[in-house]
Number of protein chains: 2
Amino acid sequence: MDAVNRQARPTLVSIAQELGVSRQTVSNVLNNPSVVHPRTRERVDAAIKKAGYRPSAAGKALRTQRSMAIGLRLYRAVDGINGAVMDRFLHSLAEEAQRLGYQLTLLTADDAAGEVEKLETLYRSASIDLAVLTDTGMDDTRPARLRENQVPFVTFGRPWGRIATSDHCWVDVDGAAGTAAAASWLRELGHERIGFLGWPEGSGVGDDRRAGWWATVADLPGSAGLSVAVLDDHPSAGVEGATQLVARGATAIVCASDSLALGAIGHFRTVGRLGEAEVPVVGFDDTPVARATGLSSVHQPVEQAAVDLLELAFTVLDGKTPARPQRLLEPHLVQRRLQPFAR
Amino acid sequence: MDAVNRQARPTLVSIAQELGVSRQTVSNVLNNPSVVHPRTRERVDAAIKKAGYRPSAAGKALRTQRSMAIGLRLYRAVDGINGAVMDRFLHSLAEEAQRLGYQLTLLTADDAAGEVEKLETLYRSASIDLAVLTDTGMDDTRPARLRENQVPFVTFGRPWGRIATSDHCWVDVDGAAGTAAAASWLRELGHERIGFLGWPEGSGVGDDRRAGWWATVADLPGSAGLSVAVLDDHPSAGVEGATQLVARGATAIVCASDSLALGAIGHFRTVGRLGEAEVPVVGFDDTPVARATGLSSVHQPVEQAAVDLLELAFTVLDGKTPARPQRLLEPHLVQRRLQPFAR
DNA sequence: CCGGTCGATTTGATCGATCAAACTTCTCTT
DNA sequence: AAGAGAAGTTTGATCGATCAAATCGACCGG
């Protein structure tokens, strides 16, 4: 409650005066220590430590024309289950940015247009050096708009659809490889009628995941009929879908998400096959719920994605050309045993 | 991939020269329009718009000694279900900060000490004007440490435990009022043996929620024996707890979280009472899962919390004393009907 | 003994904004 | 017609850092 008495902050000059050296020497101790005489350096270091001095971000930003901040839109939480992956990504990105000396600045927007507009404003006011886009959808116009406005950006997620020729930097997880791994595993377990439970065609991510399944089961007779699409990414939709797949003779199911997979498992519980499900189900995203339930699931390496994304970004910001400006990361399958009853 | 050619950004001076006026006039148009002659103002406004000029955040921050940013620690996502409330709060805070012209800057830390240290560094480097703490635990030392270091802060969550006398600004949700509302509702429905499913004593939030239930059922005979504590905030623990409560004769259950409530519902499903649960269960937090499942739950007004918190914060930063520096917000009970099968 | 090189440090200019005070006009009063 | 006052605009100084160039000594070879 005390009215915050903003005490005089130490500055380069105040530290310098205290020691009888020049401000540039203090600056050099911090940014270019090798040019400073060791004896001087020690004295300065001690004074800096004692005063708890930190260079002013504003002063630095003004001079260097770098804000050392990254802008990212925070999406409204829609679903406690699938928000989990974005949550992990957000955390990883914040962590990695911090490691590199950058700040992560959040923004909110109602739609893509609002997001682009706010990112542009932030960039023009030199509040951020870079934008990170996530949830790249089919025919996403954000990259083109940001490029027009000269806002540097990278995306987590590749461009889907017609404009897929865009050559900006991105990092994505190979969803097809994930579902392929899932389907392969089920084949190894001896299954020959492996179903896929996903969403209608038209979403980049969904189609990708279906493609991985298909590539793995195409040679098994009757596979074509074992793909079911439901509208919602929700357990209740998963129940429906699983019911259909089983009716068509599926003996194992690969799902496009953990939500759907949880519903599918629920289905088998309802029809009386509790515990060891006779129809194995594999989910996608390896959410905490999957972990708790004992659901096998495809795990996305989002930590790595964050690291790669920022590496790419800063290479470009430095004016260099990155070796591989687009990167597909390999997910891995986590094999689990279902818990007798969890959630 | 194009090496970002950072084009010359328009500045106050560049706009001013273009129009043949002084920089201060342009500045006044933005910050103090009333002193500028309407004719001039229009010309300047047009030029600003045409050039897409935005004042440099760094320049402004350097001069005004305000970064217009707020620091907040992003916790590692532990649980897809209960992260939901923090997720909503994060979004609300980002939105409200943005509305007030502030940025939300994220930081990550391994523990409370790391959090305090990073917040202090950010504050000393004038990267943030204010820190927001969440998840205030029992005997939380962060407020004291920040105060020592002169870092202005507010907390979402009241101080629990011995140091509860701290007089910093906080906003919290009255958990006891929530569980009291839940228990009252169950009484109105005619129940006389209402159980409580929560966590062991010692967590501020948990004890608070139990207290609300107790205040409402204390006069009902046998209530004292109808409180069960489980260790994990997880559905599987909820199953166990519900089993015990029912064995002790509970005919309705108030839970400390949606996770536990979901487990409790699962219990009744397992024992054969599908659909309309004969033992009504009320959860806490009104997570997306509760909404989807049809679980009644206590809803926390986190949007309001974010608004109040920032209002308090900026009152203090302006050197004024807020009217009510500590605020308890009232949650409300959302009454729902269970879905036949969801998740 | 002098010019040259290197190491260490200092000085001047600059980034882009705002505050405070000074300066011009113009109007209105007496 | 001179002076006060208000309205509108401009100028100088400043926030705190970094870059680029200048300075200062010490050391060295010729």
Side-chain angles (χ1 to χ4, degrees), chain A residues 6-45 47-48 51-69 101 121-127 129, chain B residues 6-45 47-48 51-69 101 121-127 129:
Chain A
R6 203 173 273 272
Q7 63 189 354
R9 261 179 226 292
T11 66
L12 276 189
V13 174
S14 77
I15 299 276
Q17 280 184 334
E18 188 186 322
L19 295 174
V21 299
S22 73
R23 53 179 206 284
Q24 186 64 38
T25 297
V26 181
S27 172
N28 283 337
V29 168
L30 292 168
N31 302 312
N32 203 6
S34 65
V35 306
V36 181
H37 191 98
R39 204 167 43 232
T40 317
R41 199 192 308 160
E42 274 175 38
R43 281 207 308 146
V44 174
D45 267 330
I48 287 177
Y53 166 72
R54 308 280 166 192
S56 150
K60 189 174 265 193
L62 180 58
R63 187 62 176 96
T64 62
Q65 302 285 46
R66 284 251 188 158
S67 63
M68 301 303 278
T121 298
L122 285 173
Y123 182 68
R124 293 196 111 70
S125 68
S127 299
D129 297 329
Chain B
R6 200 174 276 268
Q7 62 188 354
R9 290 194 328 112
T11 67
L12 276 189
V13 174
S14 77
I15 299 274
Q17 280 184 333
E18 187 186 322
L19 295 174
V21 299
S22 73
R23 52 180 206 284
Q24 186 63 40
T25 297
V26 181
S27 172
N28 283 337
V29 168
L30 292 169
N31 301 314
N32 203 6
S34 64
V35 306
V36 182
H37 191 99
R39 203 167 42 231
T40 317
R41 199 193 306 159
E42 274 175 37
R43 283 206 308 145
V44 173
D45 266 331
I48 287 178
Y53 167 73
R54 308 281 165 190
S56 150
K60 189 175 263 189
L62 181 58
R63 188 63 177 95
T64 62
Q65 302 286 49
R66 284 250 189 159
S67 63
M68 302 302 278
T121 299
L122 285 173
Y123 181 69
R124 293 195 111 71
S125 68
S127 299
D129 296 330

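What you see is a predicted model; the values in this text were computed from it and never measured. Just so we're on the same page: letters track the sequence lines, and every chain starts at 1.
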(request) Could you tell me the separation between the CZ atom of A:Arg66 and the P atom of D:dG16, rounded to a whole number of Å? (result) 24 Å

(message) So if I apply the side-chain contact (heavy atoms from CB on, under 4.5 Å) rule between A:Val36 and each of A:Val44, A:Asp45, A:Asn28, which one comes out positive?
(response) A:Asn28

(request) Start with the C-alpha gap between A:Ser34 and A:Asn32, add the side-chain angles, then the distance that decides, and say whether side chain to side chain contact (heavy atoms under 4.5 Å, CB included) holds. (result) CA-CA 6 Å; A:Ser34 65; A:Asn32 203 6; 3.7 Å; yes

(message) If the cut-off is 4.0 Å, is B:Ser27 near the phosphate of C:dA17, judged by side-chain N/O to OP1 or OP2?
(response) no

(message) If you compare all heavy atoms of A:Lys60 against all heavy atoms of A:Asn31, which two are closest, and at what distance to 0.1 Å?
(response) NZ-OD1, 4.3 Å

(message) Tell me the closest heavy-atom pair linking B:Ala61 and B:Ser67, and the distance in Å.
(response) CB-CA, 4.2 Å

(request) State, to 0.1 Å, how close B:Ser56 and B:Gly59 come at their nearest heavy-atom pair, and which atoms those are. (result) OG-N, 3.0 Å

(message) Can you give me the closest heavy-atom contact between A:Tyr53 and A:Leu30, atom names plus distance?
(response) CE2-CD1, 3.6 Å

(message) If I compare all heavy atoms of A:Pro55 with all of B:Ser125, which pair ends up nearest, and what's the gap?
(response) O-CB, 3.3 Å

(message) Expressed as a whole number of angstroms, how long is the span from B:Arg43:CZ to D:dT9:C1'?
(response) 12 Å

(request) Starting from the C-alpha separation in whole Å, work towards a yes-or-no answer on side chain to side chain contact (heavy atoms under 4.5 Å, CB included) for B:Thr25 and B:Leu19. (result) CA-CA 11 Å; B:Thr25 297; B:Leu19 295 174; over 6 Å; no

(message) I want to check a possible cation-pi pair here: A:Arg54 against B:Tyr123, using under 6.0 Å from ring centre and within 45° of the ring axis as the test.
(response) no

(message) Pick the closest DNA chain D nucleotide for B:Thr64 and for A:Leu30 by heavy atoms, then say which residue is nearer the 5' end.
(response) B:Thr64

(message) Are more than 12 heavy atoms, taken from residues, nucleotides or ligands other than B:Glu18, located less than 6.0 Å from that residue's CD atom?
(response) yes

(request) Find the distance B:Asn31:CG to C:dA20:C1' and express it as a whole number of Å. (result) 15 Å

(message) Give the dot-bracket line for DNA chain C from 5' end to 3' end: parentheses for intra-strand Watson-Crick or G-U pairs under 3.5 Å, square brackets for crossings, | for inter-strand pairing, dots for unpaired.
(response) ||||||||||||||||||||||||||||||

(request) Please state how far atom CD in B:Gln17 lies from atom P in D:dT11, giving the value in whole angstrom units. (result) 12 Å

(request) Write down the atom of A:Ile15, the atom of A:Pro10, and the distance for their closest heavy-atom approach. (result) CD1-CB, 4.4 Å

Each nucleotide N or O in nucleotides 5-12 of chain C that has a protein N or O under 3.5 Å away: list the pair and distance.
from   : atom 1 : to      : atom 2 : distance (Å)
C:dT9  : OP1    : A:Thr40 : OG1    : 2.4
C:dT9  : OP2    : A:His37 : N      : 2.8
C:dT10 : OP2    : A:Ser22 : N      : 2.8
C:dT10 : OP2    : A:Ser22 : OG     : 2.9
C:dT10 : OP2    : A:Thr25 : OG1    : 2.8
C:dG12 : N7     : A:Arg23 : NH2    : 3.0
C:dG12 : O6     : A:Arg23 : NH2    : 2.5

(request) Take the protein atom CG of B:Leu19 and the nucleotide atom P of D:dT9, then report the distance between them rounded to whole Å. (result) 12 Å

(request) Using a cut-off of strictly less than 4.0 Å between a heavy atom of the residue and any atom of DNA chain C, enumerate the qualifying residues of residues 51-59 of chain B by number. (result) B:Tyr53, B:Arg54, B:Pro55, B:Ser56, B:Gly59

(request) Check the distance between C:dA17's C1' and A:Leu62's CG and give it to me in whole angstrom. (result) 8 Å

(request) Could you tell me the separation between the CZ atom of A:Arg9 and the P atom of D:dG16, rounded to a whole number of Å? (result) 8 Å

(message) Please determine whether a side-chain nitrogen or oxygen atom of B:Gln65 lies at a distance below 4.0 Å from atom OP1 or OP2 of D:dG16.
(response) yes

